[in-house]
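Letters A, B, ... mirror the listed sequences (proteins, then strands); counts begin at 1. Because only heavy atoms are used, hydrogens play no part in the values below, and waters and symmetry mates are left out as well, while side chains stay in.
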Protein chains: 2
Amino acid sequence: MISSELQKLVLFRNMTETEILDALRGLHSMEKHIKKGSIFLHAGDTTNAMGIVLEGSVTIESNDMWGNKTILSLVGAGQYFAETYALLPDEPMLVDVRANEDCRILFLYIGYLSESWSSGSWKEKILKNLLLISSHKNLQLSGRSFHTSPKSCRGRLLSYLNSISKQKHSLEFDIPFDRQQLADYLNLERTNMSKELGKMQNEGIIIFRKNHFKLIQP
Amino acid sequence: MISSELQKLVLFRNMTETEILDALRGLHSMEKHIKKGSIFLHAGDTTNAMGIVLEGSVTIESNDMWGNKTILSLVGAGQYFAETYALLPDEPMLVDVRANEDCRILFLYIGYLSESWSSGSWKEKILKNLLLISSHKNLQLSGRSFHTSPKSCRGRLLSYLNSISKQKHSLEFDIPFDRQQLADYLNLERTNMSKELGKMQNEGIIIFRKNHFKLIQP
DNA sequence: GAAAGTCTGTTGTTTAAGCCACATTTTTAT
DNA sequence: ATAAAAATGTGGCTTAAACAACAGACTTTC
């Protein structure tokens, strides 16, 4: 993996190439390739490493003993996962992490951050950037809470579609989920959700085809 | 407010009294008293200050235009709120913050953290502690996601009661919510939830009286 | 290009949550 | 102590979501 690829990431913001290389060494970084569909971090385990998605995407999901799946978030290229658990290495993970496509993942053992603190170093910068990342992650988690808080199927769909629309600054956009994943993310039953999407299209509120959606204003 | 009261807080962990006082000055800290029931941070606004609950408790809630309320979390004495928004001061808040009882709140303008960074100072320690706090907040938010992901009333109640029981290391405990608040936290309808609690008591799964609950193992 | 597999949508039935009106209990105020 | 107010629980009706079974469309693979 090339450090120029990393310089764009929030985690390495404001850092020189030398500092990034020092950081990669200091944090025992390690790149892995992971096949689509496989769960490579398991609920109940603990982890010392956070992950950066270099290529592909992963889903953060909970699978209970009755086979119900909940997708808490989708983490795309250039984004981070498990940083919370890596920072709190005693906490067992509540979720599974699954490769949504074939992936290239960079693992960083951020526990080494607190070792032998020398000021002005890359550690300080990483720390600041981690705080930013953690805060953004917080916003994302709250975001999902809002999409799942309406009690009706339509309410959740509208909450989700509106937020994506605002994110993309357009009434027309692609969503990153297929139907089953969208249902799992919004805690809905897939076929029922399809029904509702159909109704909404008939009523002229939305137009969609596959993953492409368009919101219609009255 | 006395700095000895603050030394126990995670935010000031590993800091001397002098450093804490420097930090309070540097972050333009300000103590306020707030009356029960009043909303003192409003969704849509931005904020530069994070809050520490010195006395009382606050709820983080979303109130939509149809009068539906969702309680995202309850923040008790010694805990923090709005740190995410204070760290990302351009993000409009998605939630209201309401005093759940009469409160003493300490506000800190943590934007001043990034000003004139001198290493080895209190700023570095605060930064590390903030990252811990943010990570814990992440866990809390995920936690609620799990309580609201079961589709059934009983599933959500059991998820919530079990997690409190584990937290308190006991099958018998008080919960911090009244019935309406619990329903708002679990995204349920109050009277329906009451019915379900009644059923569960009849079946001998739980015993409760007011806010005191006891889980019965088979 | 045929076959297998995946994804999406449809119909109909069952079940449980939402909701309203009201009864009962508990707390607060005077 | 009594009245007023708030919190909690009950019964019954309505409605919408879950679930199961299946049909059609689209992909992938060989």
- Message: I'd like to know if the side chain of B/Ser194 and the backbone of B/Thr191 have a donor-acceptor N/O pair within less than 3.5 Å.
- Response: no
From [atom1] of [X] over to [atom2] of [N], roughly how many Å is that when rounded to an integer?
X        : N      : atom1 : atom2 : answer
B/His212 : C/dT26 : NE2   : P     : 16 Å
A/Phe208 : C/dT8  : CZ    : P     : 10 Å
A/Glu196 : C/dG9  : CD    : P     : 13 Å
B/Asn68  : C/dA17 : CG    : P     : 18 Å
A/Ile206 : C/dG9  : CD1   : C1'   : 14 Å
B/Lys210 : C/dT24 : NZ    : C1'   : 15 Å
B/Asn211 : C/dT26 : CG    : P     : 13 Å
A/Asn100 : C/dC7  : CG    : C1'   : 14 Å

- Mark yes when over 12 heavy atoms from residues, nucleotides or ligands other than A/Lys214 sit less than 6.0 Å from its NZ; otherwise mark no.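 No, NZ of A/Lys214 has 12 or fewer neighbouring heavy atoms, counting only those of other groups under 6.0 Å.
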- Does atom NZ of B/Lys35 have more than 12 heavy-atom neighbours from other groups under 6.0 Å away?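 Counting neighbours around NZ of B/Lys35, 12 or fewer heavy atoms of other residues, nucleotides or ligands fall under 6.0 Å, so no.
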- Near-strand residues of residues 184-192 of chain B, defined as heavy-atom separation under 4.0 angstrom from DNA chain D: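 Within this stretch, B/Arg190, B/Thr191 sit under 4.0 Å of the strand.
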What's [X] touching, base or sugar-phosphate or nothing? Going by heavy atoms closer than 4.0 Å.
X        : value
A/Lys151 : sugar-phosphate
B/Arg156 : nothing
B/Lys195 : base

- Task: Tell me which nucleotide among D/dA18, D/dT10, D/dA17 gets nearest to the side chain of B/Ser194.
- Result: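 It is D/dT10.
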- Which nucleotide in the set D/dC26, D/dT10, C/dA17 lies at the smallest distance from any side-chain heavy atom of B/Cys153? C/dA17
- Query: Taking 4.0 angstrom as the limit, do A/Lys36 and A/Glu101 come out as a salt bridge?
  - Reply: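 Salt bridge absent between A/Lys36 and A/Glu101.
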- Query: Is a salt bridge present between A/Glu189 and A/Lys195, judged by a nitrogen-to-oxygen distance below 4.0 Å?
  - Reply: no
- A/Phe107 six-ring centre to A/Lys32 NZ/CZ under 6.0 Å and within 45° of normal: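 Yes, a cation-pi geometry holds between A/Lys32 and A/Phe107.
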- Message: Counting the benzene-type ring for Trp, do A/Tyr160 and A/Tyr185 have ring centres under 6.0 Å apart?
- Response: yes
